[in-house]
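Proteins get letters first, then strands, A, B, ... in listed order; numbering begins at 1 in each.
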Protein chains: 2
Amino acid sequence: MITSTVENYLKALFLLDQHGEKEVSTGELAKSLSVTPGSATSMIKTLAEAGLIEHRPHYGVKLTERGRTLAVHVVRRHRIVELFLVEILGMDWSKVHDEAEQLEHVVSDEVIERMDVLLKHPTFDPHGDPIPRADGTLPSQSHYTLSKSKVGQQLSVSRMNDQDADFLQFAEKHGLMIGEKITIVEHNKLADSLTIKTRDNTVILGLSAAANIEVCDA
Amino acid sequence: MITSTVENYLKALFLLDQHGEKEVSTGELAKSLSVTPGSATSMIKTLAEAGLIEHRPHYGVKLTERGRTLAVHVVRRHRIVELFLVEILGMDWSKVHDEAEQLEHVVSDEVIERMDVLLKHPTFDPHGDPIPRADGTLPSQSHYTLSKSKVGQQLSVSRMNDQDADFLQFAEKHGLMIGEKITIVEHNKLADSLTIKTRDNTVILGLSAAANIEVCDA
DNA sequence: TTTATACTTTTGACTAATCAAAAGTATAGG
DNA sequence: CCTATACTTTTGATTAGTCAAAAGTATAAA
């Protein structure tokens, strides 16, 4: 049976290893789901028996084809629901993550496909994350993090790595919304800070905050 | 903790005794939730301890004020979601019940209130059932069942007592949708049947089917 | 008054998921 | 080669919900 818990484990594994390249450790998985390592181990056993992951004890786990397919569909549901909540119900983009976290496990395929049509087959969600297509493939875009950009570059904010509502609100208040054009004014290596010109502000960010914001060329 | 299971028990109790007048028996409750009587008894114990119902052993249970309030809010969520699925997502009214059954336990108050606004504060859902207001009160309307109506009466279909998708599709196909005007042509007591003229059909229904359709004066 | 019947409650067992803590394992450093 | 450390797995307990079947209770009929 694919319970919501199972879906959450599969989704976490997918998000920790989007490309299906490395093995994910029990500890990483446990941390990302806020459960104890022991809980993760026992669920890993269950998922491996169900053929959803492959487990090399003491080394790590990897999604099987079937597990990855299920995970991608959970992600698709999550991101379509998020966008729907923002676009159709007018909710604040900084608050839709938690709501979608619940809804992703119960909305039927029919509802998702109807939302998809209403939203005109969108490719990115309100946080800039790609929305997997119904066939399981992913749209792509070349992102890099703000902390790696050069002075003078004209950029466009493309996604947020941090889903924390406070952080998202802070970003929004300073004109760092998805799609917004920005310019790097100064990179102070001593202060470890980045001065950024947004549409109508100038913001100074520490590099760790800048690492949470992805951009692409404007 | 108010789990979905708890919400389902409370909702079932409310629907079995809308007016809070009689006591509901363990058996009735168990049947309406498709669980064994023993399961119902043990949940009854839990709900009584939580102060959500009052239990007179061997006689029955009744919602407390707090239990009723919670139940009414679940019903509100269910019915708003149903109407939303039909009106905004264009789903078939005969299919939205099961979907709403899942969603009612996870949608937040904020989402419900936004749907309510988008739907312009509706008072009845697609099956003709009243939608409780956010304050817990219920709109009312004088319904009676088709099986009790008289020959010659001009009526308007106002709600369906049976949520079974096949029945709803049958009704729809024969022009027995909510709001549709109909006339009673004949009541054959021997055949136990009712002949009804709809907009562009004449339908013959057995009395047991007729008892599942509520009407009000046209 | 007694008994049969129908219903309710209790009991004991099971599943999914969790945690805390004990036991086991891989590996880097000496 | 040995050991300390960090991580993983195992073990045993707990919770919410369920079922099947045994035991108990209320009541209508004899």
- Query: Checking ring pair (Phe, Tyr, Trp, His ring centres under 6.0 Å) against H78(A), which of H127(A), H105(A), H73(A), H97(A) comes through?
  - Reply: H97(A)
- Item | Check: P132(B) main-chain N/O paired with R76(B) side-chain donor or acceptor under 3.5 Å | yes
- Message: Please enumerate all residues that pass side chain to side chain contact (heavy atoms under 4.5 Å, CB included) together with H121(A), with sequence neighbours excluded.
- Response: D116(A), V117(A)
- Message: At less than 4.0 Å, is any side-chain N or O atom of Y9(A) found next to OP1 or OP2 of dA16(C)? Yes or no.
- Response: no
- Atom NZ of K31(A) and atom P of dC19(C) are separated, to the nearest Å, by 15 Å
- Item | From V215(B), L207(B), V157(B), residue fulfilling side-chain contact (heavy atoms from CB on, under 4.5 Å) relative to L146(B) | V215(B)
- I would like to know whether E82(B) and R77(B) meet salt bridge (charged side-chain N to carboxylate O under 4.0 Å, His left out); could you show each step before the answer? CA-CA 9 Å; E82(B) 272 191 340; R77(B) 292 202 294 271; over 6 Å; no
- Could you identify which residues of residues 33-46 of chain A place a heavy atom less than 4.0 Å from some atom of DNA chain D, listed by residue number, or say none? P37(A), G38(A), T41(A)
- Item | Whether over 12 other heavy atoms sit under 6.0 Å from Q18(A) CD | yes
- Task: For E99(A) and S108(B), run side chain to side chain donor-acceptor pair (under 3.5 Å): C-alpha distance rounded to whole Å, both residues' side-chain angles, the deciding distance at 0.1 Å, then the answer.
- Result: CA-CA 7 Å; E99(A) 187 91 29; S108(B) 68; 2.6 Å; yes
- Note on the structure: So CG of D129(A) and CG of L83(A): to nearest 0.5 Å the spacing works out to 11.5 Å
- Message: Distance under 4.0 Å to a non-hydrogen atom of chain B counts as contact; along DNA chain D, which nucleotides mark the start and end?
- Response: dG17(D) to dT27(D)
- Item | 5' priority, DNA chain C, between H58(A) and S4(A) [closest heavy atom] | S4(A)
